[in-house]
Amino acid sequence: MKNQQAAVVILGAGIQGCCIALELAQQGVEVTLLDRDETPMNRASLRNEGKIHLGLIYANDRTTATGSLMLKGALHFHPLLKRWLGAAIEQLRYSTPFYYLVAKDSIMTPAELATHYDSVESCYKKLLQENPDLDYLGQTPDCLYRPLTQDRMAAHFQPDQFLAGFETAELAIDTDRLARVIRDAIAHHPNIQFLPNRRVKTVERTNGLLRIEGTSGEETWRIDASQVANATWENRLAIDRTIGLESAPGWLHRLKYRVIVRVPEALRLAPSATMIIGRYGDVVIRKDGTAYLSWYPLALQGWTEDLSPPESWNAPCRGETDPVKAQQLASSVIAEIDRWFPGIGDGEVLLVDAGAIFAYGHTDVDDAASRLHDRTRIGVTSVEGYHSVDSGKLTTAPLFAVSAAERIMQGF
């Protein structure tokens with residue numbers, strides 16, 4: 001068995017683990033970063049829509065707590081990445097702005113949604129007033145939303161499919177470009193050692209240290225560390241349990257597929273779109289002429305309340321999808337979206353893969369009472385040098401990275 005020692009070990013090199021590593025490394029801390037895959041940012045952080053949430057989609061959390069948390073994460077997202085990436089931040093790319101389209105069987109009415117959006121906008125203005133250094137992806141929009149006229153909706157969509165629509169300032173980041181920039185920052189930082197192909201099995205306390213054990217292919221390995229941050233995604237709860245940290249019940253893992261297409265020339269400047277609120281879909285139009293597509297009723301291919309997802313999810317979560325299944329799924333998803341977003345059907349399929357989603361709830365998003373509408377049970381849980389980090393969404397990962405790093409620094 002290979003034995004190592006390290007001051008700080010971070011488990012999981014998705015966006016959460018990478019951001020914690022970059023924050024600590026910038027403060028002069030030597031960090032060992034582990035991941036089960038060959039490269040950082042190769043799983044859920046890469047294979048999602050990339051939306052940097054302003055809190056608008058979480059209107060069914062009537063307390064507004066989820067919306068406020070997402071907004072706070074969104075306004076810290078770019079400033080924190082700029083701190084860690086420097087001039088490389090200019091390499092990042094964003095989508096066209098989102099239109100929110102209210103489905104006829106949405107669980108919320110247009111008036112209820114507008115009330116929530118007003119609340120988010122008030123919170124936005126207050127946060128900017130309190131901290132002028134914040135921004136939304138390098139910008140400070142004057143307003144976050146406005147109602148869509150029928151003419152503007154009909155310019156891109158089938159208006160008879162919807163009760164109403166809203167034009168928003170919300171954007172999605174190109175996750176492929178984000179992954180490349182972060183991988184480069186990790187690879188070139190002298191204070192970060194990245195160890196790929198490391199599957200973590202257990203973490204336990206021994207002789208005043210935290211002992212991490214796992215496998216790499218056929219080999220086993222061991223690292224003793226002073227501080228450990230568990231920033232894995234699908235396996236976080238299972239690893240937490242090995243050290244005696246139990247999560248409150250009610251968790252849920254879902255497997256959701258995405259389809260990447262090259263859009264027709266006529267759609268290259270079209271708005272991105274999210275149907276709300278229920279089991280619908282998203283279209284993210286990227287500036288390079290590609291688009292992310294997901295139609296939830298078809299794209300949802302896995303659902304488990306087990307501690308960890310089944311091993312069968314691993315292949316699509318690292319980009320390996322059966323070609324026949326990929327073709328069938330892409331054709332079905334594109335056909336459904338083309339019904340309300342005309343022209344998408346003429347797109348050229350480039351990629352089909354999947355990402356795991358972790359959240360709390362037993363029923364799906366078309367249930368107004370589902371806990372999936374509440375994403376406040378996220379953040380950092382710390383016990384004697386062991387820190388479990390639930391990033392919740394891509395949006396909030398940088399914000400929680402700073403929180404985790406602060407707790408780790410306090411432990412020295």
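Side chain to side chain, T64 and S119 fail the donor-acceptor criterion of an N or O pair below 3.5 Å. In the model, Y136 has no side-chain atom that pairs as donor or acceptor with a side-chain atom of E170 under 3.5 Å. Q227 and H387 share a donor-acceptor pair across their side chains, judged by distance under 3.5 Å alone. With hydrogens and angles left out, the side-chain atoms of K51 and T274 include a donor and acceptor closer than 3.5 Å. Under 3.5 Å, the side chains of W84 and E23 contain a donor-acceptor pair of N or O atoms. Side-chain polar atoms of T66 and R375 form no donor-acceptor pair below 3.5 angstrom. In summary, the side chains of D282 and Y296 do not present any donor paired with an acceptor at a separation below 3.5 Å, with no hydrogens or angles considered. Using modelled atom types, one finds a donor on one side chain and an acceptor on the other under 3.5 Å when comparing Y360 with S247. Checking T149 against D151 by side-chain atom types alone, no donor-acceptor pair falls below 3.5 Å. In this model, no donor atom of one side chain and acceptor atom of the other lie less than 3.5 Å apart for S216 and N197.
For D160, the CG atom counts as densely surrounded, since its 6.0 Å shell holds more than 12 non-hydrogen atoms of other residues, nucleotides or ligands. The neighbour count for Q27 CD, taken as heavy atoms of other residues, nucleotides or ligands under 6.0 Å away, is above 12. Dense packing is recorded around CG of L350, with more than 12 heavy atoms of other residues, nucleotides or ligands lying under 6.0 Å away. Within 6.0 Å of CD in Q129 there are 12 or fewer heavy atoms belonging to other residues, nucleotides or ligands.
For the pair R286 and Y292, the cation-pi test (distance below 6.0 Å, angle within 45°) is failed.
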Run the side-chain hydrogen bond (donor to acceptor under 3.5 Å, both in side chains) test on T215 and T220 for me, step by step, so that the C-alpha distance in whole Å, both residues' side-chain angles and the decisive distance to 0.1 Å come before the verdict. CA-CA 4 Å; T215 59; T220 58; over 6 Å; no

Please walk me through it: do I344 and L293 pass side-chain contact (heavy atoms from CB on, under 4.5 Å)? CA-CA 9 Å; I344 287 294; L293 310 178; 3.8 Å; yes

Step by step, work out the side-chain hydrogen bond (donor to acceptor under 3.5 Å, both in side chains) result for Y386 and D240. CA-CA 9 Å; Y386 180 85; D240 284 352; 2.6 Å; yes

What verdict does the side-chain contact (heavy atoms from CB on, under 4.5 Å) test give for L33 and L195, after you've listed the backbone C-alpha separation in whole Å, the side-chain angles of each residue and the deciding distance to 0.1 Å? CA-CA 6 Å; L33 177 64; L195 301 179; over 6 Å; no

Taking it one step at a time, do K72 and T396 satisfy side-chain hydrogen bond (donor to acceptor under 3.5 Å, both in side chains)? CA-CA 8 Å; K72 183 179 179 181; T396 41; over 6 Å; no

Evaluate L134 against H78 for side-chain contact (heavy atoms from CB on, under 4.5 Å), listing each step before the verdict. CA-CA 8 Å; L134 299 180; H78 183 268; over 6 Å; no

I10/V31 under side-chain contact (heavy atoms from CB on, under 4.5 Å): CA gap, chis, key distance, verdict: CA-CA 7 Å; I10 300 172; V31 176; 3.5 Å; yes

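Side chain of T304 to main chain of P309: no donor-acceptor pair is present (N/O by atom type, distance under 3.5 Å, no hydrogens or angles). Between the Q91 side chain and the R180 main chain, no donor and acceptor come within less than 3.5 Å of each other. Here the side chain of T242 pairs a donor or acceptor atom with the backbone of I239 at under 3.5 angstrom. Although no hydrogens or angles enter the test, the distance criterion places no donor-acceptor pair under 3.5 Å between the side chain of S391 and the main chain of Q16. When atom types are taken as modelled, the side chain of S45 and the backbone of I15 share a donor-acceptor pair closer than 3.5 angstrom. Under the 3.5 Å distance criterion, the side-chain polar atoms of D288 are matched with a main-chain donor or acceptor of T290. Side-chain atoms of H189 come within 3.5 Å of backbone atoms of N191 as a donor-acceptor pair (strictly under, hydrogens ignored). Looking only at distances, no side-chain donor or acceptor of H253 sits under 3.5 Å from a matching main-chain atom of I357. Checked by atom type and distance alone, the side chain of D353 never pairs as donor or acceptor with a backbone atom of G319 at under 3.5 Å. Side-chain N or O atoms of R47 include one that pairs as donor or acceptor with a backbone N or O of N42 at under 3.5 Å.
Closest non-hydrogen pair, A368 versus H373, comes out as O-CD2, 3.9 Å. Shown here for C18 and I182, the closest heavy-atom pair between the two residues is CB-CG2, 3.6 Å. Closest approach of A59 and L113 over heavy atoms only: CB-CD2, 3.7 Å. For S308 against N235, the heavy-atom pair with the smallest separation is OG-OD1, 3.3 Å. Summarising the geometry of T175 relative to G50, their closest heavy-atom pair is CG2-CA, 3.6 Å, with the distance given to 0.1 Å. Closest approach of L307 and A238 over heavy atoms only: CD2-CA, 3.6 Å.
Checked options V102, L148, L144; the residue passing with F166 is V102 (criterion: side chain to side chain contact (heavy atoms under 4.5 Å, CB included)). In summary, of the residues considered (N48, T232, N314), a side-chain hydrogen bond (donor to acceptor under 3.5 Å, both in side chains) with R43 occurs for N314 alone.
Counting heavy atoms from C-beta outward, H362 and E305 have side chains that approach closer than 4.5 Å. Under the 4.5 Å side-chain criterion, counting only non-hydrogen atoms from C-beta, F162 is not in contact with K104. Using a 4.5 Å heavy-atom threshold, the side chains of T321 and L351 count as separate. Contact check for Q161 versus F341: no side-chain heavy atoms found under the 4.5 Å cut-off. Side chains of H116 and R62 form no contact here, defined as non-hydrogen atoms less than 4.5 Å apart. With a 4.5 Å cut-off on side-chain heavy atoms, S388 and L245 count as touching. Residues I212 and T202 form no side-chain contact, since every pair of their non-hydrogen atoms from C-beta on lies 4.5 Å or further apart. Side-chain contact between V389 and I20 is present, with at least one heavy-atom pair separated by less than 4.5 Å.
Distance check, rounded to the nearest 0.5 Å: CG of D346 to CD1 of I334 gives 10.0 Å. To the nearest 0.5 Å, the span separating CD1 on I173 from OG on S95 amounts to 10.0 Å. Annotation: the span from R198 atom CZ to R36 atom CZ amounts to 15.0 Å, rounded to 0.5 Å. In this structure, CD on Q4 lies 5.5 Å from CD on Q193, to the nearest 0.5 angstrom. For the atom pair CG of L71 and CD1 of I52, the computed distance is 12.5 Å after rounding to the nearest 0.5 Å.
With respect to the salt-bridge test (charged N to carboxylate O, under 4.0 angstrom), the residues R279 and D364 qualify. Between E311 and R199 there is a salt bridge, since a side-chain N of the basic residue sits under 4.0 Å from a carboxylate O of the acidic one. Note on R258 versus E49: no salt bridge recorded, every NZ/NE/NH1/NH2 to OD/OE distance being 4.0 Å or above.
Using a 30° and 60° split on the angle between ring planes, Y117 and Y100 fall in the perpendicular class, above 60°. H156 and Y99 have perpendicular rings, their planes meeting at more than 60° on a 0 to 90° scale where under 30° would count as parallel.
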